[in-house]
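What follows is a set of notes on a single structure, which appears directly below.
Side-chain atoms are counted along with the backbone in the values below, which use heavy atoms only and exclude waters and symmetry mates.
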Amino acid sequence: WPQLKAEYPDEVRLVYRDFPLTNIHPNATPAASAANCAADQELYWEYNDLLYSGRQNLNKTGFLAYADELGMDIEVFTECIESGRYNSEVMADFEYAANLGVSSTPTFFVNGIPIVGAQPFEVFSQLIEKELAGEIP
């Protein structure tokens, strides 16, 4: 994303949706909800990066450890995750993506064209260049 944003600062934007694969990661939904709680404190991306680091277990103890590491207001964060405030939003994101045919992560869309899996910058760049040139209807 940073490379795409640097190369196409006015042409691309990122819309991130949750897609918790609970069959692989049973605590993926609570982890996604915790990341959304971190967003309440303007630390979504930093928290998301910590979740993917794998340094803590994906459970309440791990979620709180990451929040503490980021200097978050632990009381506010704890209330958010315990309330389940973002659970329905996370599941709505999941259902939306599943209806688009998403079945794995990561999956990206560039103007509705899917790019499945972790792909190099060039794959995205080629598609964006074709879009910008009007080569894709």
Side-chain angles (χ1 to χ4, degrees):
W1 170 242
Q3 190 175 1
L4 286 170
K5 186 65 176 159
E7 186 74 24
Y8 305 100
D10 299 319
E11 292 86 6
V12 298
R13 69 182 174 107
L14 176 66
V15 177
Y16 187 88
R17 304 274 186 203
D18 297 305
F19 195 72
L21 297 173
T22 56
N23 57 330
I24 299 171
H25 306 289
N27 291 323
T29 300
S33 292
N36 283 295
C37 289
D40 288 347
Q41 297 186 46
E42 313 257 336
L43 291 167
Y44 180 86
W45 290 112
E46 295 86 349
Y47 194 87
N48 194 53
D49 289 346
L50 288 175
L51 286 173
Y52 280 100
S53 76
R55 292 187 292 119
Q56 299 286 338
N57 289 324
L58 294 181
N59 58 28
K60 185 177 178 183
T61 301
F63 300 153
L64 292 172
Y66 288 144
D68 185 56
E69 184 175 331
L70 292 173
M72 293 170 60
D73 182 323
I74 298 298
E75 187 175 313
V76 169
F77 180 77
T78 300
E79 185 280 322
C80 181
I81 61 173
E82 287 179 355
S83 73
R85 180 180 308 155
Y86 290 105
N87 292 350
S88 61
E89 180 182 318
V90 168
M91 292 317 299
D93 278 358
F94 180 87
E95 291 169 14
Y96 177 78
N99 287 332
L100 292 175
V102 173
S103 61
S104 64
T105 63
T107 298
F108 305 90
F109 288 90
V110 176
N111 285 353
I113 299 168
I115 298 176
V116 179
Q119 299 294 326
F121 171 80
E122 292 74 27
V123 170
F124 292 92
S125 180
Q126 288 171 3
L127 182 55
I128 291 167
E129 289 296 332
K130 287 181 180 183
E131 279 285 326
L132 292 173
E135 296 175 13
I136 300 176

- Message: Given 3.5 Å as the limit, does a donor-acceptor pair link the side chain of D68 with the main chain of L64, or not?
- Response: no
- Query: Looking at CH2 of W45 and CG of L50, how far apart are the two atoms once the value is rounded to the nearest 0.5 Å?
  - Reply: 13.5 Å
- Query: How long is the span from the CD atom in E42 to the CE atom in M72, to the nearest 0.5 Å?
  - Reply: 11.0 Å
- Task: Tell me whether V102 is reachable from I24 by hopping between hydrophobic residues (I, L, V, M, F, W, Y) whose side-chain heavy atoms are closer than 4.5 Å.
- Result: yes
- Query: Which heavy-atom pair separates V15 from R13 by the least distance, and what is that distance?
  - Reply: CG2-NH1, 3.3 Å
- NZ of K130: more than 12 outside heavy atoms within 6.0 angstrom? no
- Any L51 side-chain heavy atom under 4.5 Å of F63 side chain: yes
- Query: Is there side-chain contact between Y66 and R55, with at least one heavy-atom pair below 4.5 Å?
  - Reply: yes
- Can you see which heavy atom on A35 is nearest to which on Y44, and at what distance? O-CD1, 3.1 Å
- Item | Atom of A31, atom of L58 and distance for their closest heavy-atom approach | CB-CD2, 4.2 Å
- OG (S33) and CG (N27) are apart, to the nearest 0.5 Å, by 11.0 Å
- Please confirm whether the backbone N or O of A38 pairs with a side-chain atom of Y47, one donor and one acceptor, at under 3.5 Å? no
- Is it true that a side-chain atom of D18 and a backbone atom of V90 form a donor plus acceptor pair closer than 3.5 Å? no
- Query: If Ile, Leu, Val, Met, Phe, Trp and Tyr residues are connected whenever their side-chain heavy atoms lie under 4.5 Å apart, and connections chain through other members, are Y16 and L4 in the same group?
  - Reply: yes
- Would you say F94 and T29 make side-chain contact, with heavy atoms under 4.5 Å? no
- Task: Flag yes if L43 and L14 sit in one hydrophobic cluster, no otherwise; membership is Ile, Leu, Val, Met, Phe, Trp, Tyr, and two members link when side-chain heavy atoms are under 4.5 Å apart.
- Result: no
- Query: Do V12 and W1 have side-chain heavy atoms sitting under 4.5 Å apart?
  - Reply: yes
- Ignoring hydrogens and angles, tell me if any N or O in the side chain of N36 forms a donor-acceptor pair with the backbone of Y86 under 3.5 Å. no
- Does a side-chain heavy-atom distance below 4.5 Å link R85 with D40? yes
- Give, for atom CG of L132 and atom CD of E11, the distance between the pair rounded to the nearest 0.5 Å. 5.5 Å
In residues 107-129, what donor-acceptor pairs under 3.5 Å come from side-chain atoms, sequence neighbours left out?
from	atom 1	to	atom 2	distance (Å)
T107	OG1	S104	O	2.6
N111	ND2	E131	OE1	2.8
Q119	NE2	V116	O	3.0
S125	OG	Y8	OH	2.8
E129	OE2	Y8	OH	2.7

- Task: Go through the structure and list residues passing side-chain hydrogen bond (donor to acceptor under 3.5 Å, both in side chains) with K60, not counting sequence neighbours.
- Result: E82
- Looking only at heavy atoms, what is the nearest atom pair of G62 and Q56, with distance? CA-CB, 3.7 Å
- Message: For the CD atom of E79 and the CG atom of D73, what is their distance to the nearest 0.5 Å?
- Response: 10.5 Å
- Nearest heavy-atom contact between I81 and A34 is CG2-CA, 3.8 Å
